J.: 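My questions will all concern the structure given below.
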Amino acid sequence: MNRFAVQCVRLGQRQLSTSTQRQAVKGEVHPGYKKIKEKYAHFQVEDGTPIHLKGGPFDRVLYYATMGGCVVGVLGAAEYIYRASFPKKA
Amino acid sequence: MMMKSDHSFHLVDLSPWPLTGATGAFILTTGIVKWFQEMNMNLFLFGMMIMALTCIQWWRDISREGTFQGLHTSIVAKGLRWGMILFITSEVLFFFSFFWAFFHSSLAPSMEIGLMWPPKGVLPFNPFQVPLLNTIILLGSGVTVTWAHHSIMENNFSQAFLGLLLTVTLGVYFTSLQALEYWEASFTISDSAYGSTFFMATGFHGIHVIIGTTFLTVCLSRHMKSHFSSNHHFGFEAAAWYWHFVDVVWLFLYMSIYWWGG
């Protein structure tokens, strides 16, 4: 039972990059590693923001653009379907 | 959302993308009907844009959850693997139906097309010209994507970049050559069962090549931003699996439609 619990805990450990951490200790690491550590810090702030808005203000712009597009598109589709449901003049 | 939990599974944040995806698909399909009925592509293009925005943002969020928040534990990654395997299996079944249609028409050619295959009057492509080059291109791209994979696993950043870049280049090269072939073809989709089976099968394959090339380009971009580690790079593996699937479909297309059917 104990071994099973240990295995479960191991499965639960978050799979962030481990190879780069070992390399960083040795002093030989790609410059991109520093940049991505900043990304980790930014996205792991627990402020309740959902993931689709957590990147910054541009996320909200894209979200509203997509939602707005959906509304416009549905209206466009409804307009066509309404027109198409009447018989054409001979 | 919480990143600490007492279990190793990933319960996702509430997301708007399933709704926008479903709505976008509705707009897209209604747009296709409007295109065919009124010769107006606007609604269709609008639907494509909504779908593209949905895909970009949904997959962006998955990258954020896995790479930046570390929520893709090994059990979650196992689920993602099974998901990709099942998706590719469904695509195999999709292509199976087009191959069925091809063999249905070509194994017992009808009276209307002259009891022969290719039908009377159809000039098929020479399988040993551009189609053979396309085969070599895709097989080569299978090698380059495998090279990229091993480079990622061995922490060789620059070779992984080169391998991915070469794979994407070969994918674009294939698509360009195939587009030229389509332009030069002596027959169209409406030219008997030959035209329909040829363009439906190769056309859907071409769309899948474009999707695969896009997936690999995204991987290239993520690799340049150091998203992949030597032991965790499932996004890349999924792209590579998809690419090999696209390659295998082409091999079947080449052998049956271009060579045997030519």
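Computed over heavy atoms, backbone and side chain alike; hydrogens, waters and symmetry mates excluded. The structure displayed is predicted, hence computed values, not measured ones. Proteins get letters first, then strands, A, B, ... in listed order; numbering begins at 1 in each.
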J.: May I ask you to test the Tyr63(A)-Thr20(B) pair for a side-chain heavy-atom distance under 4.5 Å?
T.: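 They are not in contact (no side-chain heavy atoms under 4.5 Å apart), so the answer is no.
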J.: Checking Leu62(A) against chain B: side chain, backbone, both or neither under 4.5 Å from a heavy atom?
T.: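 Both backbone and side chain.
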J.: Distance from Ile51(A) atom CD1 to Gln57(B) atom CD, nearest 0.5 Å?
T.: 12.5 Å
J.: Do the non-hydrogen side-chain atoms of His42(A) and Arg64(B) ever get within less than 4.5 Å of each other?
T.: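 SC-SC contact between His42(A) and Arg64(B) ruled out.
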J.: Are more than 12 heavy atoms from other residues, nucleotides or ligands located less than 6.0 Å from atom CZ of Arg60(A)?
T.: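 Check fails, neighbour count at 12 or below.
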J.: Should we say atom OH of Tyr173(B) is surrounded by more than 12 heavy atoms from elsewhere, each under 6.0 Å from it?
T.: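 Not more than 12 within 6.0 Å, no.
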J.: Sort out for me which of Gln37(B), Glu38(B), Met49(B) touches chain A most, counting heavy-atom pairs under 4.5 Å.
T.: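 So the answer, after comparing Gln37(B), Glu38(B), Met49(B), is Glu38(B).
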J.: Is Thr23(B) close to chain A through its backbone or its side chain, or both, or neither, when contacts mean heavy atoms under 4.5 Å?
T.: side chain
J.: Considering only heavy atoms, which portion of Val12(B) lies under 4.5 Å from any heavy atom of chain A: side chain, backbone, both, or neither?
T.: neither
J.: Determine whether Tyr80(A) and Asn40(B) make a side-chain contact, defined as any pair of heavy atoms from C-beta on separated by less than 4.5 Å.
T.: no
J.: Give the C-alpha distance, both sets of side-chain angles, the deciding distance and a yes or no for side-chain contact (heavy atoms from CB on, under 4.5 Å) between Thr67(B) and Ile36(A).
T.: CA-CA 9 Å; Thr67(B) 308; Ile36(A) 205 160; 4.0 Å; yes
J.: Out of Cys70(A), Gly32(A), Ala78(A), Gly76(A), which one racks up the most heavy-atom pairs below 4.5 Å with chain B?
T.: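 Max contact count across the listed options: Cys70(A).
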J.: Measure Lys39(A) against the heavy atoms of chain B and call it side chain, backbone, both or neither at under 4.5 Å.
T.: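 Lys39(A) touches chain B through backbone and side-chain heavy atoms alike.
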J.: Is it the backbone or the side chain of Glu38(A) that comes under 4.5 Å from a heavy atom of chain B, or both, or neither?
T.: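 It is neither, since no heavy atom gets under 4.5 Å.
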J.: Looking only at non-hydrogen atoms, find the nearest pair between Phe46(B) and Gly73(A) and report the distance.
T.: CE2-N, 3.7 Å
J.: Could you check if a side-chain atom of His52(A) sits within less than 4.5 angstrom of a side-chain atom of Pro16(B), using non-hydrogen atoms only?
T.: yes
J.: Below 4.5 Å, heavy-atom pairs only: which of Thr30(B), Thr54(B), Asn42(B), Val76(B) has the largest tally toward chain A?
T.: Thr30(B)
J.: Nearest 0.5 Å, please: how far is NZ in Lys34(B) from CZ in Arg83(A)?
T.: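 Answer rounded to 0.5 Å: 5.5 Å.
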J.: Among the options Gly69(A), Ala65(A), Ala41(A), pick out the one with the most heavy-atom pairs lying under 4.5 Å from chain B.
T.: Gly69(A)
J.: Chain A heavy atoms under 4.5 Å from Trp17(B): which part of the residue, side chain, backbone, both or neither?
T.: side chain
J.: My understanding is that only one of Ile56(B), Leu53(B), Leu19(B) makes a side-chain contact (heavy atoms from CB on, under 4.5 Å) with Thr66(A); could you say which?
T.: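 Looking at Ile56(B), Leu53(B), Leu19(B), the match for Thr66(A) under the side-chain contact (heavy atoms from CB on, under 4.5 Å) is Leu53(B).
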J.: Given 3.5 Å as the limit, does a donor-acceptor pair link the side chain of Gln69(B) with the main chain of Phe43(A), or not?
T.: yes
J.: Which atoms of Leu14(B) are under 4.5 Å from chain A, going by heavy atoms: the side chain, the backbone, both sets, or neither?
T.: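 Contact with chain A involves the backbone of Leu14(B) alone.
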J.: At a 4.5 Å cut-off on heavy atoms, which part of His227(B) comes close to chain A: side chain, backbone, both, or neither?
T.: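 Contact with chain A: backbone and side chain both.
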J.: Between Asp59(A) and Arg60(B), does any side-chain N to carboxylate O distance fall below 4.0 Å?
T.: yes
J.: Does atom CE of Met51(B) have more than 12 heavy-atom neighbours from other groups under 6.0 Å away?
T.: yes
J.: With only heavy atoms counted, which part of Lys225(B) is less than 4.5 Å from chain A, the side chain, the backbone, both or neither?
T.: backbone
J.: Inspect the surroundings of CE in Met41(B) and state if more than 12 heavy atoms from other residues, nucleotides or ligands are less than 6.0 Å away.
T.: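 Yes, the 6.0 Å shell around CE holds more than 12 heavy atoms from other groups.
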